[in-house]
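The residues of the chain are indexed from 1 along the displayed sequence. In this text the structure is predicted, and so the values were computed from the model without any measurement.
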Amino acid sequence: MFYKNARIYTSDFHFRTGAFEVTEDGRFGEILPAKVPEDAIDLEGATVIPGLVEVHSHGNSNKDFSDGDYQGLKQMAAYYAQCGVTSFAPASMTLPYEVLERAFACARRLADEKPKGCSVLRGIQMEGPYFSEKKKGAQNADYLKAPDFEGFKKLYEGCGGLVRIVDVAPELPGALEFVKKAKELCTVSVAHTDSDYDHAKAAFDAGASHLTHLYNAMPSIHHRNPGVIPAAVETPHVRCELICDGLHAHPAAVRLAFSMFGGSRMVLVSDSGRCCGLPNGTEFDLGGQTAKLIDGVARLKDNTIACSAINLYTALVNAMAFGIPEEDAVRAATYNPACAIGADKEVGSIATGKQADFLVCRDNYARKQVFIAGKEI
């Protein structure tokens, strides 16, 4: 099947007008072909972008990945799909290993079963428990641990290697050795850290290649004590997450992040919790702690800012509204996160042979159609 008269975000990260093909097996065929069949579907100038790839979301619809509930995870995946998120890697929280093991087993089942109408689970981000108590944020201090490669490896192997990102605070004892070993299995991310510049730079030089939710749960930039952020900026292989809800980071800070890291290194995330899709004022459980949705952002009882209540499509639209160029914003919600979880050979761009996950966006991104493996959901 061919679609014509589309404004397509092509694999060179630019928009080009033309046609594209979806093959019978749900893959992209020809992109911008010279000749188009007469029966091609006319998209009337609509914008076509790859399906979004979410690598940091805890939940939605009153469900949380860490619940370890398969039906709840399936419900989450259906919600993601409706929002235009066609691939995802749910994030766990700082919890006991046995709780994480149950959640990871649910992820393995969903990844294997790939139910229709659901976003495809392509990994896990293990957010915790290897964090600094000083920068724990909304993570539960009762379950914090020093970096533990053997414990991590057991969890990793237990879910068939589905963990694609593991987080660690680089200043903790044993963190550097953890990074060196874990990088052979998955992406290692610096997160929930009170690290100085030297510890952070050492971790990046050892192979850490990701920074979890920039600005949040880490020291601010200071000209005499630069900390984690400059260490990441000057390390070219490091990608950087950003929660783009306008609350976790001011729009000016969003623009600054893209200026520092460039469009090729930014990863938009929602960091949504189970409050996503629920009304303002809702109280809910967050990793064993009570949180409340207040004016669009979740907070613990001590007013600590926690997860967001948006989805990744909203984050994408927000980024553009904040002044991020459209091509950079789309890349940060599609190709870059796919690279972060090692899924870029399968999804993340509109390219021949990749799974035909794409969005047809109309009215300046106000309306969209979602396709997974070439089928509209």
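Side-chain atoms of Thr212 and Ser189 form a donor-acceptor pair, as typed in the model, at a separation below 3.5 Å. No side-chain donor-acceptor contact under 3.5 Å links Arg7 and Thr17. Of the N and O atoms on the side chains of Lys301 and Thr290, not one donor lies less than 3.5 Å from an acceptor on the other residue. A side-chain N or O of Ser270 and one of Glu54 form a donor-acceptor pair less than 3.5 Å apart. Side chain to side chain, Asp271 and His56 meet the donor-acceptor criterion of an N or O pair below 3.5 Å. With no hydrogens or angles considered, a side-chain donor-acceptor pair links Glu113 and Tyr70 at under 3.5 Å. Ser272 and Ser57 form a side-chain donor-acceptor contact under 3.5 Å, judged by distance and modelled atom types alone. No side-chain donor from either of Asp69 and Gln71 sits under 3.5 Å from a side-chain acceptor of the other.
Taking 4.5 Å as the limit, some side-chain heavy atom of Val330 sits within range of a side-chain heavy atom of Pro50. Proximity of Asp328 to Phe258: side-chain heavy atoms (C-beta onward) are separated by under 4.5 Å at one or more points. Residues Gln139 and Met93 are in side-chain contact: their nearest non-hydrogen atoms beyond the backbone lie under 4.5 Å apart.
Remark: of the listed residues His213, Lys134, Glu133, His213 is the sole one forming a side chain to side chain donor-acceptor pair (under 3.5 Å) with His192. Among His210, Glu241, His58, Arg164, the single residue meeting the side chain to side chain donor-acceptor pair (under 3.5 Å) criterion with Gln125 is Glu241.
For Lys368, the NZ atom sits in a packed shell: over 12 heavy atoms of surrounding residues, nucleotides or ligands are nearer than 6.0 Å. Other residues, nucleotides and ligands contribute at most 12 non-hydrogen atoms within 6.0 Å of the CD atom of Glu24.
Separation of atoms CD1 (Ile41) and NZ (Lys4) is listed at 10.5 Å; rounding is to 0.5 Å. A distance of 13.0 Å separates OG of Ser92 from CZ of Arg102, quoted to the nearest 0.5 Å. Here NE2 of His248 is found 9.0 Å from CD1 of Ile310. Values are rounded to the nearest 0.5 Å. Rounded to the nearest 0.5 angstrom, Lys154 NZ and Asp148 CG are separated by 10.5 Å. In this structure, CD1 on Ile8 lies 10.0 Å from OG1 on Thr47, to the nearest 0.5 angstrom. A distance of 6.5 Å separates CD1 in Ile229 from OG in Ser220, rounded to the nearest 0.5 Å.
No continuous path of hydrophobic side-chain contacts links Leu52 to Phe28 [ILVMFWY only; heavy atoms under 4.5 Å]. At a threshold of 4.5 Å between side-chain heavy atoms, the hydrophobic network of Ile, Leu, Val, Met, Phe, Trp and Tyr places Leu214 and Val233 in one connected group. Under the 4.5 Å side-chain heavy-atom criterion for grouping Ile, Leu, Val, Met, Phe, Trp and Tyr, Ile341 is not connected to Val188 through any hydrophobic cluster.
Taking the six-membered ring for Trp and the full ring otherwise, the centers of Phe20 and Phe358 sit less than 6.0 Å from each other.
Considering every non-hydrogen atom in both Pro219 and Lys135, the closest pair reads N-CE, 4.1 Å.
Residue pairs meeting the ring pair (Phe, Tyr, Trp, His ring centres under 6.0 Å) criterion with at least one partner in residues 85-111, sequence neighbours excluded, are Tyr80-Phe88.
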